[in-house]
K.L.:
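Take a look at this one; I'll ask things after.
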Amino acid sequence: MGDFSGRHVFVAGASGGINFAIAQGFGAAGARVTILSRSEEKIAAAAQELRDAGVNAIGIACDVRDYAGLEAAYTQAVAAHGRIDVLISGAAGNFLAPALKVSANAFKTVVDIDLLGTYNVFRASWDHLTRPGASLIAITAGQAVHPSPFQIHACAAKAGVNMVTKCLALEWGPAGVRVNAISPGPIADTEGMRRLADPAREAKLKGSLALRDYGTKADIAEAAMFLSSPAAKYITGTILNVDGGNDIGDASADALTM
Ligand code: HXC
Ligand code: NAP
C-alpha cells in the first residue's frame, strides 16, 4: 500500500501488537520509523526487530502521560529521521472490571493513557510535523460509540479520543495537517483480545460479525497507510472503522431472522 520512502513515521505505543504491525507496514514500504513505549527493554527489542528486517528504525522509551518526555522524544526522533510525516497515537490500557470495582485511580489511569496520552502525543508534535502534509492517526475502538459493560474506563477514554481527533482536524486542517482515527474491530492475536474476549465464545463473536472473522494486525496497518497516502489527501476528521462490520450491528443468524 504505497511508497513511504524517505518519510518519517512515528508510532506511539508500538512495542508490540497492532501498533508494532503498523510500524512494520510503513517500514516495509520504505519509511524511516520511530517507535515509542514505556518499557525500555520492550521498545529496544521491537526496534531491533525492525532493523533486522532492514528498516531504518529507532526506539524511544517514554510514557505518553509524560508531556516533557514526549517533547524530548520528538527532538530525538527528528534529529535522527527529520520532520514527522506520519504520526500514530495508539498507546492504550484496558482491563475488564465492573464499574463498582474500578477505583477513581483505575478510571483515571486508563483515561490518562488513552485520552490524555493521545492529546499529549498530538499536541507535543506540532513543532516537529511536516506542515503542510502530515497525517495524524489515533487508534480508537468501537467502544467509543457503543457502550460496553465492564469497560466504563476505556469506553469513556476512547470516546474522548474520537473528539480529540475531530477537534484537531478542524484546527489543524488549515495548516495542511490531516487528523483521522482508525477504529479496529476484534483483531486476532493481540493483547486487547487476550484481555477482553473469552476464547470459548470465539465462534459466537465471529458469527455476529458481517464478515464472519476477526481482523488481522496487517488490516490495520494497511488502513493507516491508506490514510497517510495521497489517495486520502481530502480525508480528515474521520473515524475509519476497520472492523468486519462490527459497528453496523449484530449480523448473527439469530439477529437476521425475523
Ligand atoms: C480493576 C485495576 C485492574 C483491574 C489495574 N487496576 N488493573 N482495577 N481491575 N484488572 C487499577 C489498579 O488497582 C490501580 O488502582 C490503577 O488501576 C492503576 O494501576 P497500575 O498498575 O498502577 O497502572 P499502570 O502501571 O499505569 O498500568 C496501566 C494498566 C495496565 C492499564 C492498569 O493494565 C497496562 O499497563 N496496560 C497496557 C497494556 C494493555 O492494557 N493493552 C490492551 C489494550 S486493549 P488503585 O485504586 O488500586 O490505585 C484495548 C482494546 C480496545 O485498548 C478496546 C476497548 C476500548
Ligand atoms: P497492546 O499490544 O497492549 O499495545 C499497547 C501498546 O501501548 C504497547 O506497545 C504498550 O507498550 C504501549 N503503552 C501502554 N501504555 C503506555 C503508556 N502509558 N505510554 C506509552 N506506551 C504505552 O494492545 P493491542 O491490542 O495491540 O492494541 C493496540 C491499539 O489498538 C490500542 O489503542 C487499542 O485500544 C486498539 N484496539 C485494539 C483492538 C484489539 O482487537 N486488540 C480493538 C480495538 C482497538 P509498553 O508496555 O512497552 O508501554
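We number each residue from 1, following the sequence as shown. Ligands are counted one by one from 1 in listed order, and the atoms in each one are counted from 1 as well. Predicted model only: the values in this text are computed from it and were never measured.
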K.L.:
Establish, from distance only, whether the side-chain atoms of T238 and N180 form a donor-acceptor pair under 3.5 Å.
P.N.:
no
K.L.:
Quick one: does A46 get a heavy atom under 4.0 Å from ligand 2?
P.N.:
no
K.L.:
Protein non-hydrogen atoms only, distance under 4.0 Å: does atom 19 (O) of ligand 1 have such a neighbour?
P.N.:
no
K.L.:
Could you work out, for atom 38 (C) of ligand 2, the closest of I139, T190, I88, I18 by heavy-atom distance?
P.N.:
I18
K.L.:
Could you tell me whether T109 and ligand 1 have an N or O pair separated by under 3.5 Å?
P.N.:
no
K.L.:
If we only consider heavy atoms of G142, is any one of them less than 4.0 Å away from an atom in ligand 2?
P.N.:
no
K.L.:
Does ligand 2 have a heavy atom under 4.0 Å from the side chain of D114, from its backbone, from both, or from neither?
P.N.:
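The answer is neither; D114 stays 4.0 Å or more away.
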K.L.:
Cluster question for you: counting only ILVMFWY and a side-chain heavy-atom cut-off of under 4.5 Å, with indirect links fine, are L136 and V164 together?
P.N.:
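Both belong to a single hydrophobic cluster.
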K.L.:
If you draw a 6.0 Å radius around CD1 in I152, do more than 12 non-hydrogen atoms from other residues or ligands fall strictly inside?
P.N.:
no
K.L.:
State whether the shortest distance between N or O atoms of P184 and N or O atoms of ligand 2 falls below 3.5 angstrom.
P.N.:
no
K.L.:
Is atom CZ of R123 surrounded by more than 12 heavy atoms (other residues, nucleotides or ligands) closer than 6.0 Å?
P.N.:
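Not more than 12 within 6.0 Å, no.
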K.L.:
Taking both backbone and side-chain atoms of S103, is any N or O found less than 3.5 Å from an N or O belonging to ligand 1?
P.N.:
yes
K.L.:
Got a protein heavy atom sitting under 4.0 Å from atom 25 (O) of ligand 1?
P.N.:
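Not a single protein heavy atom is under 4.0 Å away.
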K.L.:
Taking non-hydrogen atoms only, is A97 closer than 4.0 angstrom to ligand 1 via side chain, backbone, both or neither?
P.N.:
side chain
K.L.:
Kindly confirm or rule out an N or O of K158 lying under 3.5 angstrom from an N or O of ligand 1.
P.N.:
no
K.L.:
For G16, state whether at least one heavy atom is located under 4.0 Å from any atom of ligand 2.
P.N.:
yes
K.L.:
Quick check on Y214: does its OH atom have over 12 non-hydrogen neighbours (other residues, nucleotides or ligands) under 6.0 Å away?
P.N.:
yes
K.L.:
Using a strict 4.0 Å cut-off to heavy atoms of Q151, name the atoms of ligand 1 that fall inside it.
P.N.:
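Answer, ordered by atom number: 54 (C).
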K.L.:
How does R65 reach ligand 1, if at all, at less than 4.0 Å between non-hydrogen atoms: by side chain, backbone, both, or neither?
P.N.:
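It is the side chain that gets close, since no backbone atom is under 4.0 Å.
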K.L.:
Heavy atom to atom 29 (C) of ligand 2, shortest distance: which of S183, A92, G90 holds it?
P.N.:
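Considering heavy atoms of S183, A92, G90, the nearest to atom 29 (C) of ligand 2 sits in G90.
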K.L.:
More than 12 heavy atoms of other residues, nucleotides or ligands under 6.0 Å from CZ of R201: is that the case?
P.N.:
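Count not over threshold, so no.
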K.L.:
Has ligand 1 got any nitrogen or oxygen that is less than 3.5 angstrom from a nitrogen or oxygen of R38?
P.N.:
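Yes, there is a polar N/O contact under 3.5 Å.
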K.L.:
Sort out for me which residue in L168, I137, V177 forms a side chain to side chain contact (heavy atoms under 4.5 Å, CB included) with F122.
P.N.:
L168
K.L.:
What are the atoms of ligand 2, with element, lying closer than 4.0 Å to any heavy atom of I187?
P.N.:
40 (O)
K.L.:
Please work out, at 4.0 Å between heavy atoms, whether the side chain, the backbone, both, or neither of L196 comes within that distance of ligand 1.
P.N.:
side chain
K.L.:
Using a heavy-atom cut-off of under 4.0 Å, does the side chain or the backbone of A14 touch ligand 2, or both, or neither?
P.N.:
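The backbone, only.
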K.L.:
Would you say R195 has any N or O atom under 3.5 Å from an N or O of ligand 1, going by distance alone?
P.N.:
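Looking only at distances, the answer is yes, because the N/O contact criterion of under 3.5 Å is met.
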K.L.:
Using a 4.0 Å heavy-atom cut-off, say whether K101 meets ligand 1 through its side chain, its backbone, both or neither.
P.N.:
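K101 to ligand 1: backbone contact only, side chain stays beyond 4.0 Å.
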K.L.:
Are there protein heavy-atom neighbours of atom 22 (O) of ligand 1 below 4.0 Å?
P.N.:
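There is no protein heavy atom less than 4.0 Å from atom 22 (O) of ligand 1.
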K.L.:
What atoms of ligand 1 come within less than 4.0 Å of a heavy atom belonging to A92?
P.N.:
37 (C), 38 (C), 39 (C), 40 (O), 41 (N), 52 (O)
K.L.:
Under a 4.0 Å heavy-atom limit, does A154 contact ligand 2 with its side chain, its backbone, both, or neither?
P.N.:
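Answer for A154: neither.
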K.L.:
Hey, does N19 sit under 4.0 Å from ligand 2 if you only count heavy atoms?
P.N.:
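N19 counts as a contact of ligand 2 under the 4.0 Å cut-off.
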K.L.:
I want to confirm something. Looking only at heavy atoms, which of K158, M193, R38 is nearest to atom 33 (C) of ligand 2?
P.N.:
K158
K.L.:
Return yes when atom CD of E191 has more than 12 non-hydrogen atoms of other residues, nucleotides or ligands closer than 6.0 Å, and no otherwise.
P.N.:
yes
K.L.:
Using a 4.0 Å cut-off to any heavy atom of A154, which atoms of ligand 1 qualify?
P.N.:
55 (C)
K.L.:
Is it the side chain (CB and beyond), the backbone, both or neither of E191 that lies under 4.0 Å from ligand 2, heavy atoms counted?
P.N.:
both
